[in-house]
Amino acid sequence: MTARDAPGSPTDLHVPEPVARPGGHASFDHISFDEGAAIDRPSPEAPETGLRDYGYGLVRVLGGAGRAWDPGIDAEMLRRGLRAMARTRLFEDRMFRAHRQGKTSFFMKSTGEEAIGVAPSLMLGARDMCFPTYRMQGWLIARDYPLEMMINQIYSNEKDPLRGRQLPILYSARDYGFYSLSGNVGSRFGHAVGWAMASAYRGEDHVALGMIGEGTTAEGDFHEALTFAGIYRAPAILAINNNQWAISTFSGIATPAGTTFASKAIGYGIPGLRVDGNDFLAVWAAIEWAAQRARAGKGATLIEFLTYRAAGHSTSDDPTRYRPADEAGHWPLGDPVERLKAHLVELGEWSEQRHTQMVAELTDDLRSAQRAAEAVGTLGQSKPPVAEMFDGVFKEPDWRVIEQRRELGV
Amino acid sequence: MTARDAPGSPTDLHVPEPVARPGGHASFDHISFDEGAAIDRPSPEAPETGLRDYGYGLVRVLGGAGRAWDPGIDAEMLRRGLRAMARTRLFEDRMFRAHRQGKTSFFMKSTGEEAIGVAPSLMLGARDMCFPTYRMQGWLIARDYPLEMMINQIYSNEKDPLRGRQLPILYSARDYGFYSLSGNVGSRFGHAVGWAMASAYRGEDHVALGMIGEGTTAEGDFHEALTFAGIYRAPAILAINNNQWAISTFSGIATPAGTTFASKAIGYGIPGLRVDGNDFLAVWAAIEWAAQRARAGKGATLIEFLTYRAAGHSTSDDPTRYRPADEAGHWPLGDPVERLKAHLVELGEWSEQRHTQMVAELTDDLRSAQRAAEAVGTLGQSKPPVAEMFDGVFKEPDWRVIEQRRELGV
Amino acid sequence: MAVMNMIQAINSALDVKLADDPATLIFGEDVGYFGGVFRVTDGLQQKHGIKRCFDTPISEGGIIATAIGMGANGLRPIPEIQFADYILPAFDQLVSEAARLRYRSNGEFWAPITVRSPYGGGIFGGQTHSQSPEAIFAHITGLKTVIPSTPYDAKGLLISAIEDDDPVIFLEPKRLYNGPFNGVQGQPLKTWEGFAEAQVPDHHFTVPLGQAAIAREGADATVLAYGTMVHVAKAGIEESGVDAELIDLRSIVPLDIETITASVSKTGRCVILHEASSFGGFGGELAAQVQERCFWALKSPIERIAGWDTPYPHAFEWDYFPGPGRLAKALARVMENR
Amino acid sequence: MAVMNMIQAINSALDVKLADDPATLIFGEDVGYFGGVFRVTDGLQQKHGIKRCFDTPISEGGIIATAIGMGANGLRPIPEIQFADYILPAFDQLVSEAARLRYRSNGEFWAPITVRSPYGGGIFGGQTHSQSPEAIFAHITGLKTVIPSTPYDAKGLLISAIEDDDPVIFLEPKRLYNGPFNGVQGQPLKTWEGFAEAQVPDHHFTVPLGQAAIAREGADATVLAYGTMVHVAKAGIEESGVDAELIDLRSIVPLDIETITASVSKTGRCVILHEASSFGGFGGELAAQVQERCFWALKSPIERIAGWDTPYPHAFEWDYFPGPGRLAKALARVMENR
Ligand SMILES: Cc1ncc(C[n+]2csc(CCOP(=O)(O)OP(=O)(O)O)c2C)c(N)n1
Ligand SMILES: Cc1ncc(C[n+]2csc(CCOP(=O)(O)OP(=O)(O)O)c2C)c(N)n1
Ligand SMILES: [Mg+2]
Ligand SMILES: [Mg+2]
């Protein structure tokens, strides 16, 4: 009676594969881009139980069927957003080339994903805190963090604000609401929740924005952060950058086909929004909704931003080895810079000519920032005093680093 | 424009508390016991997308409104289940007393939760594998694992099958489909998935049953196991014993009020069933459904068994310190032994008299098993040869344990 | 001044800090209403409110991640991990985040957290309620590790740890919670009553991190120990009849290297005692340091007495636990070389 | 026989095992279609099929848990962790489960898994792509840890590790993947071409775990090293002019204690070299063992040359990395005592 082993089992190990590999036909037909329930904007104070469909819809403003989510941003701010996104792209292209020229060891781009770094940076407050991924240089750029300082960090030179200790782009910028990055993916997601709980504990209304890549949602950290956020109603915005790829691994290895990353919110009793991540206004609107909810004491929101990693994973990567070369061209949500630009032009608030002029200005700025940084030095040509290597392990040095510093003679 | 910090924030750190503490009025009114969507039994091969409501319903057979889930078990098997549950309860009571008498160091009971150990044990096949929690002694008892061996393990005596190496009740019994337990909670949940993937890889139709406490679902292991199970369609049944308490911590510290543990399946793209865990037939039916699904190559299922931990957490615990003494009496799903017994009596397949007689027989068996184990010895009076302490660190001993064994002179 | 056992002393340290610093917060599994499975946080929620001392999900990684985030936002969290064996799911958070945050951010962020956790054997806890994981923390640059051996030190060191701006692993020898223990099983249980080290002021005081205590002065050999093993060492020295100096390290990072080298330079002999399994244990570091610094003074090889290189076995607890007899034999061996 | 660099040699070992044992399975982040970020599994999915070599979620804990479950069900999984720094989220699985399963179940279940992971610095990887975590594994009873230094050994040791019925951590010195490296930055890159150790048979062969290799014979001092540091040691010995014996440990658990003690008994001097930070590192265990076993032969204190007790800093990589110059100085120091 207990033996139920049937012969000729239909079981087999199932390993998901992407629609296309190099040489194949790129397609995103398997992904739903329907607005669904998100055609409406619910009250940010609505109970979670009524919001469970939002994780399957799509929040859109630009090109969306409804305008419920339109955040009503003035043209000045839209231009600021456009400028920051364009600046980010130019900056990254330039630094990518600097890497190819041997000026640093490593670099990463957020090409095609700039709205996700820039819009929250402009939307959130000076005393809110972002717990970024490495694809959010746009946050710093939108807040006018000095480009020269960024480049000094990338070059690990004598003026590097992180004193040569960190891999390029693993910035820390407390005064700009940008928490210390590290090479490990996922492990700061829970810090956002703890940070937000501390804010709530003091009765402050500062919120934390935690960001994570879609591939990284598979880490235990993701689950633990959401569990704590749900239970203690942390005023945190927990967001997923779903750019379809995790190095060479497609998103079907992070969550099965047919489900969405936003729907993962359901199990934690918090709302989940699925958002057009290449729509500056939709990103802004979703962050604004979640921030309002958090500041109203209603706790955390999970947001999935749909986007596409148009660039390689990093300077160490060659994406043509694992995905069709023209895949980016098939991405249905377009490019965030182009879309916002077109919107502003349509509003009569921008023109090709102004755009060209802006790009020229930005390029000039960048060039002089780079020149200034290179006057200090590139990787290997210049670095902080070696003695500083021994600082900051603890607040006060102990005998080990004191002895070792002496041994090294610095 | 970026500063949005509102004064007089409504945020505050929210720490959930149970309905009642000692001296208060026990109540389970905040938990839904509605059958909801689970009034129907879907095809085990149904696509997950159509099953998302099941995590909010309740699978019931005994006392349920519908009979869709009735597994149609014959009376013989029902009596076997009743017997195993009663035997488990008697065994645990007796061993609990043995601990109080100083015969061992530690013990844990599953009183009121016996259906969750017993029904899957009888339902699943000899070559399926259970990855148990410490509340599943019923699995071994239902499969007639020798009681004397269990007691030898509990006493860590010379005949202990685990050679004195493990805390009481952290059994391992490969031939009985019972995977090695350990003191760490949660860390074997992912092993069930790997085991199931290996089975699928070989085209076998053996399934794995992974069990976890509701409190332990907060561990990263839970998320990782479900992620892998969903992606690789592992033929695994992943089940949560929601007995309302994790030592002194109520289930609202594991998942927020208003959601369910079964609904956590949704984010992983697998079905979630919420099941009356004190209903032997419902437990059987849910396991059978999930096993059919797994053997049909449709992958994993998450099951939440609703039950109540009528006993203390362990011999080290005194639950009257943190919950109303009469809380068990308010539990709406009753007692699994009493309910199955009443059902059999109603069917005309059982009687008070037969029950009394069965209890007497079981007690006799137990008494002689205990006597036999005590003839070998209780903790401290008898143990395996000390030399065995050094065995099994690796398959073959290395020089370290060889030298150390010599140093100890054994 | 009152007589406190180690549980009461730790509770008192927490109580003092909750009262004097609104940035302190205690959380962990079962620490809130219930007061912890060892009763260490008993009464603190009732006294200081649920927001100051509360239960968490069973998620050690989540507990430490939350603590780090709070620490980065101005709080001074004191999370509890129920057993030191269960710190492992949080190991990445401790190593990759807590320990590295200050250095990598050039001091912009840091993690002033104190992770309390009971460690060690002697209570028939079996493989996963008995381990001593200090060695894996000692190797991590950026973590401090503190292990008291008396109620007085427990309170004073814990207050120092909480007030320290770096992450501290505070390991509590659970076998000493209720009384000192000399490592010989089966004797009547001792309480802390009557021991000078159990006279603990009610108010705020500190014992600085990184200063060892000389628990017994001696001329002929040096014994290095911490936590439970300090008491075992006393018994072992007595049993041996050797005039050994006993150093209670109290914190292994920062390590009081001066006290150690001064003692071994004087005695010329050194025995290291710890409960964790020997291979790769902290005894290796101590032996390496001592021979590097006191080579010419050494009259005998440095000996390590430690747990065997097996998991901690339930039935064989007293065969595994390094008792005073093994230390006494080691002292006799090192004394053979005059 | 072919010339293989270390990547090719490891790839060949995996290829041989996939072909000869259907129970072997490779999985990890980006190891499938793409063939791994260091190309170590290149072509294996194409050749052996997607079920034999596939991508996983970014979840090191999940990867190891899955591997253990498969191992308990008759397979012989060979998971990859993309960088050794990222083993930490799986540390609990390795320690509490893989290492303990056989012992606690009295041999009913075990975890015959081989966890491959590139470790070490020298590639400007910064703090989290450069670490050497071997010490925290060495302390765990029930885990084996293997670190090759040549393509030949890498293949032979990896096949042994895969065929071993116990869990093995197989750390690959990423700085040696494409060529030997003497620790001096800025020289023209060397390939493995022309090195005898890069002559690797295509077919199945093994190098046993637990046997050190004498990489250089010598009379006056013993240098203990493994992985990248073996090559640095060669350069340092040359620079020093000391006639030192160089022992390549190859596996640190099991440790070839006999070869070590025989050598130090002969030379009377010992310098230990590793890349991990010094305090609490594996050098401590080695020093402790050597002085316990060779005390009377020692003419000088045992020296440890290792990474500084700081995180691995990006810009200061070559100030941090223990190069041949530091070893040469240490050898000169130990030679002062004749
Ligand atoms: C804990 C950890 N595991 C693995 C890695 C290696 N790694 C770096 S980035 C990356 C992919 C991340 O993908 P995703 O989360 O989707 O972010 P994206 O790069 O697409 O923004 C991996 C596997 C890491 N850095 N940290
Ligand atoms: C990793 C780990 N953390 C903490 C503990 C301590 N502990 C043992 S049982 C338990 C409660 C578990 O509760 P639950 O998962 O609900 O299972 P139940 O006891 O109710 O069956 C805790 C916290 C542990 N054993 N392992
Ligand atoms: Mg991605
Ligand atoms: Mg429970």
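In the text below, chain A, chain B and the rest are named by the order of the sequence lines, each starting its count at 1. From a predicted model like this one, the values you see are computed outputs, not experimental measurements.
- If you tally non-hydrogen atom pairs under 4.5 Å between each of Ile231(B), Thr227(B), Leu13(B) and chain A, the highest count goes to Ile231(B).
- Salt bridge annotation for Arg80(A)-Asp144(A): absent, with no cationic side-chain nitrogen under 4.0 angstrom from a carboxylate oxygen.
- Interface summary for chain B: among Gly230(A), Gly272(A), Ala200(A), the most heavy-atom pairs under 4.5 angstrom belong to Ala200(A).
- Residue contact with chain A, scored on non-hydrogen atoms closer than 4.5 Å, is absent for Ala196(B).
- Separating the OG atom in Ser121(A) from the CE atom in Met136(A) is a distance of 8.0 Å, to the nearest 0.5 Å.
- With a 4.5 angstrom heavy-atom cutoff, Thr255(A) touches chain B via backbone and side-chain atoms both.
- Listed by chain and residue number, nothing satisfies the salt bridge (Lys or Arg N to Asp or Glu O under 4.0 Å) test with Glu214(A) (two or more places apart in sequence, or in another chain).
- Salt bridge annotation for Asp175(B)-Arg143(B): absent, with no cationic side-chain nitrogen under 4.0 angstrom from a carboxylate oxygen.
- Of the listed residues (Phe261(A), Tyr201(A), Tyr232(A)), the one with the most heavy-atom contacts under 4.5 Å to chain B is Tyr232(A).
- Taking Gly297(A), Pro256(A), Ala257(A), Gly299(A) one by one and counting their heavy-atom pairs under 4.5 Å with chain B, the maximum is reached by Pro256(A).
- For the set Ile270(B), Thr49(B), Ile253(B), the entry with the most heavy-atom pairs within less than 4.5 Å of chain A is Ile253(B).
- In this structure, Tyr268(A) and Phe222(A) have perpendicular ring planes: the angle between them is above 60°, well past the 30° mark.
- Heavy atoms closer than 4.5 Å to chain A are found in the backbone of Ala254(B), but not in its side chain.
- No other option in Arg202(B), Lys264(B), His223(B), Met197(B) has as many heavy-atom pairs under 4.5 Å with chain A as His223(B).
- Interatomic distance, CG of Leu51(B) versus CZ of Arg293(B), reported as 6.0 Å (0.5 Å rounding).
- Ile266(B) contributes atom CD1, which lies 7.0 Å from atom OG1 of Thr260(B) (distance to the nearest 0.5 angstrom).
- Note on Lys298(B), Glu224(B), Glu48(B), Glu76(B): by heavy-atom pairs under 4.5 Å with chain A, the leading option is Glu224(B).
- Only the side chain of Arg52(B) comes within less than 4.5 Å of a heavy atom of chain A; its backbone N, CA, C and O stay farther away.
- Using the six-membered ring where Trp is involved, Trp195(B) and His206(B) have ring planes that are tilted, between 30° and 60° apart.
- Both the backbone and the side chain of Ser263(B) come within less than 4.5 Å of a heavy atom in chain A.
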